[in-house]
Amino acid sequence: MGAKAVLAPPQPPPAPTAPPPPRPRRRRSLVHARDGRWAVVFLGPQMVGLVAFVLGPMVFALYLSLTEWGGSGPITFVGLDNFRDMFRDHAFWSSMQNTVWLTVLVVPGQLVSGLLVALALHQTRLKTLFRVIYFMPVVTSSVAVSTIWIWLLNGTFGPVNGILREWFGLNPPDWMGEPRYLVISIALVTVWQGLGFFMVVFLAGLQGIPTAYLEAAEVDGASSFRRFWHVTLPLLSPTLFFLTVMSLIGAFQIFDTVYMMTPQNSYLGDSTRTVVFRIYDLAFARYQFGASAANAVVLFVVLLVLTAGQMLLQRRWVHYEE
Amino acid sequence: MSTPVSRRSFLIGSSTLGLSLVGGSLLAACGGEDPTAPAAAGEVTWSLWGDSATLKRHQELNDRINASQSAVKASFVGLPTDGYAKKITAELAAGNAPDVFLVGDTQLGQLIKDGSLAELGPLLDGPLSKSTTSSFNPKLLAPGTSGDGKVYGVPAACNPMIMWFNSKVLEEAGVTTSPADSLTAGSWTADYFQTVLDKVKATGKRAFVFSNWNGETYPWLTSRGGKIFDGGQFVAHEDPKTIDTIKWLRELLASETIWYASALPQGQGADAMFMADQLAFTLTGRWVVPQYRKQSSLRADVVPLPSTDGSPSSTIVLASYLVINKATKNVDNAFRVFTEYLSKDGQSFILDGDLGLAVPSITGADSVVLSGNYPAHAQTFLDQRDSGYSSMVEEMRVPGLSGLIFKPLDKYFTEGGDLTAIMSDMGKQVNAAIQKGSV
């Protein structure tokens, strides 16, 4: 007897004119007063932080962007003058270009290096040990990391160039002394320092992939590359998406490494001056807080648009397991 | 029975609670919780930056001030050097800056422009004052003076940038007459200095480490008769002596007679090389005295930079400025602390002994520099303080202006290039920024 035979015969659909059966009234999204009051009490401190350290400064920055202020004197409302001056200023576009270039170097660098190391460690027995080792730069101060790399990459005395010269007979560039290589050096240090974080998150994503899928693909004769490309990578796409968003925002906001690795009063700064560095410089070196805030507002809008774009595009390539 | 609360009510309620707590905290902060907040009448808070030893000495001065009079109760709050300017800026914006505080020359111009400082002229020459404006080198007072001649800041301590020479390195190079003796003989000229540089280079060592910043570049330019600003305008790009000196420095760098500081590895500075007998000269302030004196094998002394005619040249005198917060409750009380600090006694107390990292800005407290007889020609510090010039007022009044000067110079010193074109472009940009009042 077929399976269908044991099933009950299909019921005719209800007549179109018949009223629908009464649905249980869905509880509206309300909380009871007592619970609500306690929620207010418990969430109050969090709201303090949110208002004092996030919303307040954001609103103040928006207001400042419409003013001229030297940091301590009277605040003068100037309308959109700061934005007009900013868009006419070559230095702003230069800083935006530097930021984009640094992002182009850093985001793929962090994603690829993090994924490769995670794949290498995924099957390793000493996973925990390596995870700790790779994570150490993440918890190390950027200032300390930058200082060490400045020495490592010094064109004349640095061990990196020493090795390239002595062991490989190469004629390496002055990493810290030439504008184009200085940007690459900053990107390299940023990728190196963030590697541990990206590796750990990728590793967590890899561990969350059910082995049944990979085993089934293996049984079907898929090569290791095909298993990675058609099974692992799609199932890792939510992790990849999360890290792409994080990396992009982080790359746009790079400051400490740039600040440390760019010599003061040097022409080299023109090639590494990012938007965030410019925000700092305008406010705390030139005391143009209004212009600085205008830059910050534009950076916020750019990041908002980029992140929203990523959220929209993720529907096309991110696969969530059902 | 419980009453339902809508999501909107919930958000409004929790936000209100948050805002009220923030507001309460702010009010509490304004109520005197902050030790650097403006004090009540009769109480004066004062702040400056420094390391722990420096701050400890200032705390002792604070105790002396309180013990010596009863008109005010001084309260000193020492701050770390790192981030000092930002903290003062934030405190001024929040209305809780100290009554009296120290300001670096990079911030002073902006604070004067903002109207954040009390005028000091009448107080300095008034009955409460323990020093008068004539007690200070007028050139050093210029940065603390507004365009209309009102004084808002007085140099609290200063550091003339002086050339130190390493006798051992010079003797190894065959320079048997010390530069200080050459100066006395009137032969410490730019031409003679060139022969000294060549001799040092012949030994395989480099003569000095050159850093491109106002504390080093400007003394080299002015010692050879160059001008940077004149009448409120940037003139270096049109001054042949300035341009020749810049070319000369570039030639010394290109021929590896001297080091360029930015080419040295992190931590490898001129001081370390000088103390290791690897450098013949270094251009620095008095702050190196404690560490040089500790290095017993180091035979070092000071001399002004060589001039074209052999006479003592003038140098830049770096200074930090003591100011009074315009928002202070009682400016007379604040001035009582201010003038105690700036007085001969106050500066002598602060700079005495091994801590002496600077030169008193006031005349009459010279013994702190001369006591100990280190270096042998310590009098040079005092002479240079009296004959020297301050940081450029034009640069102080337009924050960021220095970048328009030193970045193109950095590129030239590093790569060379068409100096005439570089200077011409620099002149246009700097003068345009001066006219605009911002960079």
Side-chain angles (χ1 to χ4, degrees), chain A residues 28-37 39-53 55-56 68-75 91 146-152 154-158 174 176-178 263-270 281-289 291, chain B residues 1-7 9-11 13-22 25-26 85-86 88-93 97 106-107 109-111 113-117 212-214 261-268 398-403 405-412 414-415 438-439:
Chain A
R28 299 170 70 184
S29 62
L30 301 174
V31 291
H32 291 288
R34 192 182 58 182
D35 295 342
R37 280 193 293 273
V40 168
V41 169
F42 282 119
L43 287 174
Q46 180 62 25
M47 296 302 286
V48 172
L50 190 69
V51 171
F53 300 114
L55 295 178
E68 189 178 300
W69 188 44
S72 59
I75 300 178
S146 302
T147 306
I148 290 167
W149 276 98
I150 287 170
W151 173 70
L152 288 172
N154 182 281
T156 312
F157 310 93
D174 185 353
M176 301 300 299
E178 292 181 42
Q264 280 193 340
N265 271 337
S266 170
Y267 76 102
L268 294 170
D270 293 341
D281 187 57
L282 280 169
F284 294 106
R286 301 193 211 174
Y287 301 100
Q288 298 173 19
F289 284 83
Chain B
M1 188 176 170
S2 58
T3 310
V5 175
S6 72
R7 184 169 290 181
S9 305
F10 166 72
L11 286 172
S14 54
S15 301
T16 306
L17 177 64
L19 280 168
S20 61
L21 288 173
V22 170
S25 305
L26 290 175
K86 295 184 195 78
I88 288 293
T89 302
E91 287 180 344
L92 282 167
T106 53
Q107 194 182 14
Q110 185 64 38
L111 293 183
K113 196 161 120 185
D114 283 347
S116 304
L117 307 178
N212 178 40
W213 64 294
N214 65 343
S262 62
L264 293 172
Q266 190 84 352
Q268 180 78 63
V398 184
L401 194 71
S402 301
I405 299 166
F406 292 104
K407 281 184 189 173
L409 284 179
D410 178 58
K411 191 172 169 64
Y412 176 72
T414 308
E415 298 177 350
S438 67
V439 175

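These numbers come from the heavy atoms of this one structure, side chains and all, not from hydrogens, waters or symmetry mates. Within every chain, numbering begins at 1; the chains are lettered A, B, ... in the order of the sequence lines, protein sequences first and strands thereafter.
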For [X], is it the side chain, the backbone, both or neither that has a heavy atom under 4.5 Å from a heavy atom of chain B?
X	answer
A:Phe53	neither
A:Tyr287	both
A:Gln46	neither
A:Asp270	side chain

Problem - Test item: A:Tyr267 and B:Glu415 side chains (from C-beta on) under 4.5 Å apart, heavy atoms - result: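 Yes. Closest side-chain heavy atoms under 4.5 Å.
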Exercise for the section: Kindly give the heavy-atom pair with the smallest separation between A:Ser72 and B:Ser116, and that separation in Å. Expected result: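 Looks like OG-OG, 2.8 Å.
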Practice task
Mind listing the closest non-hydrogen atom pair of B:Asp410 and A:Leu268 along with its distance?
Solution key: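 Smallest interatomic distance, heavy atoms only, reads OD2-N, 4.4 Å.
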Problem - Short side-chain to backbone donor-acceptor contact, A:Arg286 and B:Val439, under 3.5 Å - result: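 Pair found, side chain donor or acceptor close to backbone of B:Val439.
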Problem - Neighbour count above 12 (heavy atom, 6.0 Å) for A:Glu178 CD - result: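 Correct, the count exceeds 12.
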